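My questions all concern the structure below.
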Amino acid sequence: MVTTHNLGFPRIGAKRELKFALEGHWKGQLPQVELEHLGGQLRERHWHDQDGLDLVPVGDFSFYDQVLDMSFMLGNVPARAHRHDGNSLDSYFRVARGRSANDSACSGVHAGEMTKWFDTNYHYIVPEFTSDTAFTLDASRLLAQVAQARAAGVQVKPVIIGPLTYLWLGKAKDDSDKLVLLARLLPVYAALLERLAADGIEWVQIDEPVLVTDLASEWQQAFRHAYETLQSGKLKLLLTAYFGALGDNLALACSLPVQGLHVDAVAGRAEVDMLVRHLPADKILSLGVISGRNIWKSDLHATLEWLEPVHRVLQERLWIAPSCSLLHVPVDLDSETALDSEVRAWLAFALQKLAELKILAQALNKGRSSVQEALVANHAALEQRRNSQRVHNPAVKAALADIDAAHGLRTSAYDVRAAKQAALLKLPPFPTTTIGSFPQTSEIRQARSRLRAGELDADAYGALMRAEIARCVQAQEELGLDVFVHGEAERNDMVEYFGEQLAGYAFSQFGWVQSYGSRCVKPPILFGDISRPFAMTVEWTRHAQSLTDKPMKGMLTGPVTILNWSFVRDDQPRSVSCLQLALAIRAEVLDLEQAGVRIIQIDEAALREGLPLRRAEWAGYLAWAVESFRIAANGVRDDTQIHTHMCYSEFNDIIASIAAMDADVITIETSRSDMELLDAFDHFAYPNAIGPGVYDIHTPNIPSEEQMVQLMRKAAQRVPAERLWVNPDCGLKTRAWAEVLPALHNMVAAARTLRAAQ
Ligand code: GLN
Ligand code: ZN
């Protein structure tokens, strides 16, 4: 009999119950006991949702983040968050969210740093280390969940993050060597395992996703040492890797003294045969056969074709599961009553994925005929998808086939273009601009929800948005900015806005995925060939331009960012979907140019986060990502100025690719790092113009003129002054007008001071 299990379940709740409870609690409206109670209810519901699996994960629930939970379990809590009365949930939220100094209970705590969980859109709280970090076990949270699950009759498999991944995820604040801490960490892990064994636990899932990344040899050795130390014989460890293939860590993973190994058999399908041959005969092999990263129905027939022979070899030693935790997919497709029924038939959310898993298990255990009906239905849905006219658009495929090298090339080199643009735009030195959005006020959001609810018709909504655009233009006029934006009032989200207008996209109503803490995103679903039935932004931009003599930037989201923030079809390479998006954006760029727009910004906020986990795959990704941007942007005349924007600051390792995008101007995040980002420019002569952000829009602080002048002077040490722009770090949509106006006022004053000093 094959064993079925799950690695983790979405905890936010099908209706985002946890989000609303958390936010209520943080506002002081929901007492802690009630929050804890809701947490318990959600866990029970989610265990129940996993009924029928042989083993169910416990400990995957979290009030904020599973990595932060691990830090608390290991006693690695920053001193700044300690509370005298020992209310640990309160300390926990202090580290998670920070606390301002005017909060009565304490004197200000800064939040833990947050960063992306491998190549997903989930963000975890980075463990903090110094050479003095000590660890002590506090397993109370996990043990309470285990007890609760037992009482609910669940077949418990506790889930923890393994010691190497825990160290790897953290940051040594004093630049000390994190691996040195392993010696102090292992006794705490040993005590934890002992505690679980004493509780009668048989299997523990110990997550080590770093096994799918490039590991230096000292980390490989540390793996060996750690698992030799932890081997106890009292309970069984399922060493768990996901998000990719093991690659050159495969032999290591097979040789560690654990009782089972879980691998991502979707991303690492090619390795399965080798694993079957290499894994010692006393170990079980858990194959993640259903993708935990996308929302498509699995091809059950194709999976069984390769899985049945593996099962014949491994027999009882074969376990099956989703490839990774289901944290990264929405909960239940059955809630999606408004979704186009044709597209809906192709999808599977968490609950549907578990149902698929059970079908596979039954087919293995009792033969395919025992699940004949389900297999036939699955096959029919996939056939329908394969042949659907909604998916395949011959005109798009023909346009893609017609792409040649010229599509990605500007007519002239940067210097020639820059001279023509200068003659046309007549901008002063240190031109000022913003990144696109202005405050999304509650009136704007209300108008949008009234439009959705049918309380406002499209004309009335349009009039409100045009009025908001006029307000925004007027404000920029009064501030004296040089290059204007329309303010993006009409956009709910920089990806969804475009997805809604492109053919080949669908939208869920409840397809929320946790991004961090209580925050969720609802990625649009790219299911088919992409085309642009109508111009998407031209009317808004034309309206905005009609209100001023200053140049108005056309504002678009780039193909790579649209792709990286969507659920993307799995029946063709991502690079092909990206090129289709590039052609759609290119058409929009050319329409804007045709409408007289002189400057067009194409945001690639998410370009960097699409980088593969393995270095060896970077070049391939960057090649098609950069080419997609170039195809989107570079069809314009020399005198049309292309801007791009990226809201991150780790540039060093991809600066050549960013230069290869060949945007005339790039605006980036830099103010928080005190222009450190520009260090990349010491070694690489960035050829085009650049606007290093001088106003950190992630805080309510209003930078002074003097601060911004200083930042620009630092920038001018690396980049010639004639190629510098003055602008904020990112869009202003999350800020209030009362902050934005004085900050931009100071920014314009800073630019004037810089000009005067020239
Ligand atoms: N143009 C977008 C804005 O200003 C860019 C947002 C982003 O980079 N995330 O809101
Ligand atoms: Zn940004």
Side-chain angles (χ1 to χ4, degrees), residues 114 116 121 123 432-441 444-445 448 465 468-469 472-473 475-476 481 483-499 515-516 519 521 523-524 536-537 540-541 544 552-566 585 588-589 592 597 599-610 629 632-633 641-651 658 661 663 665-673 677 690-699 725-737 739-740 743-744 747:
M114 200 163 58
K116 277 166 67 73
N121 235 324
H123 299 72
T432 54
T433 191
T434 60
I435 306 304
S437 57
F438 269 75
Q440 281 271 328
T441 59
I444 299 177
R445 273 178 277 135
R448 203 153 23 248
M465 292 302 121
E468 189 60 38
I469 289 170
C472 182
V473 171
Q476 294 173 84
L481 286 152
V483 171
F484 283 20
V485 297
H486 78 287
E488 302 181 25
E490 79 289 3
R491 301 185 189 175
N492 39 352
D493 172 275
M494 66 188 282
V495 170
E496 196 171 58
Y497 178 78
F498 291 95
S515 169
Y516 66 91
R519 295 292 193 100
V521 293
M536 302 181 281
T537 64
W540 300 115
T541 316
M552 179 65 57
K553 272 197 279 192
M555 196 59 61
L556 304 173
T557 303
V560 187
T561 297
I562 298 182
L563 185 89
N564 283 344
W565 285 346
S566 301
I585 298 298
E588 187 72 15
V589 167
L592 283 170
V597 179
I599 305 183
I600 300 167
Q601 177 173 317
I602 307 171
D603 292 330
E604 284 292 15
L607 187 133
R608 190 177 205 293
E609 63 185 60
F629 178 87
Q641 191 169 71
I642 295 288
H643 290 214
T644 189
H645 164 71
M646 296 178 182
C647 30
Y648 41 80
S649 50
E650 314 99 85
F651 256 8
I658 288 176
M661 290 162 71
V665 181
I666 178 170
T667 57
I668 49 178
E669 174 185 315
T670 29
S671 65
R672 255 188 302 183
S673 68
L677 143 73
I690 178 158
V694 289
Y695 163 23
D696 176 4
I697 61 89
H698 298 93
T699 80
W725 284 60
V726 182
N727 47 262
D729 265 350
C730 194
L732 304 169
K733 61 175 165 249
T734 57
R735 300 260 63 96
W737 278 102
E739 297 156 1
V740 161
L744 293 181
M747 189 183 91

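Just so you know, ligand 1 is whichever comes first in the structure, and atom 1 is the first atom listed for that ligand. Predicted model only: the values in this text are computed from it and were never measured. Along the sequence shown, the residues carry numbers beginning at 1.
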### Task
Using a strict cut-off of 4.0 Å, indicate which atoms of ligand 1 neighbour a heavy atom of Lys733.
10 (O)

### Query
Identify the closest protein heavy atom to atom 10 (O) of ligand 1: which residue and atom is it, and at what distance?
Ser437 OG, 2.7 Å

### Query
What residue and atom, counting heavy atoms only, is the protein's closest point to atom 1 (N) of ligand 1, and at what distance?
Asp603 OD2, 2.6 Å

### Query
Are the side chain of Glu609 and the backbone of Asn121 linked by a donor-acceptor contact shorter than 3.5 Å?
no

#### Entry: atom 6 (C) of ligand 1: nearest protein contact (heavy atom, Å)
Met494 SD, 3.5 Å

### Message
Using side-chain heavy atoms (C-beta onward) and a distance below 4.5 Å, is Thr644 in contact with Phe629?
### Response
yes

### Query
Near Cys647, which atoms of ligand 1 are under 4.0 Å from a heavy atom of that residue?
7 (C), 8 (O), 9 (N)

### Message
Below the 3.5 angstrom mark, is there an N/O of Trp565, backbone or side chain, next to an N/O of ligand 1?
### Response
no

### Query
Are the side chains of Ile668 and Ile658 in touch, meaning some heavy atoms are under 4.5 Å apart?
no

### Task
Taking the Zn ion (ligand 2) as the vertex, measure the angle between atom SG in Cys730 and atom SG in Cys647; round to 10°.
120°

#### Entry: Flag side-chain contact, heavy atom, 4.5 Å: Arg491 against Lys733
no

### Side chain to side chain, Gln476 and Phe438, heavy atoms closer than 4.5 Å
yes

#### Entry: The one among Gly731, Gly487, Cys730, Ala606 that brings a heavy atom closest to atom 7 (C) of ligand 1
Cys730

#### Entry: Ligand-residue contact atoms, ligand 1 with Gly436, heavy atoms, under 4.0 Å
4 (O)

### Query
Just checking, is any N or O donor in the side chain of Thr541 or His486 under 3.5 Å from an acceptor N or O on the other one?
no

### Message
List ligand 1 atoms under 4.0 Å from Ala605, heavy atoms only on the residue side.
### Response
8 (O), 9 (N)

### Task
For Met555 and Asp603, run side-chain contact (heavy atoms from CB on, under 4.5 Å): C-alpha distance rounded to whole Å, both residues' side-chain angles, the deciding distance at 0.1 Å, then the answer.
CA-CA 8 Å; Met555 196 59 61; Asp603 292 330; 4.2 Å; yes

### Message
Can you check which of His643, Lys553, Arg491, His645 brings a heavy atom nearest to atom 8 (O) of ligand 1?
### Response
His645

### Task
Check whether any side-chain heavy atom of Thr537 lies under 4.5 Å from a side-chain heavy atom of Tyr497, and answer yes or no.
yes

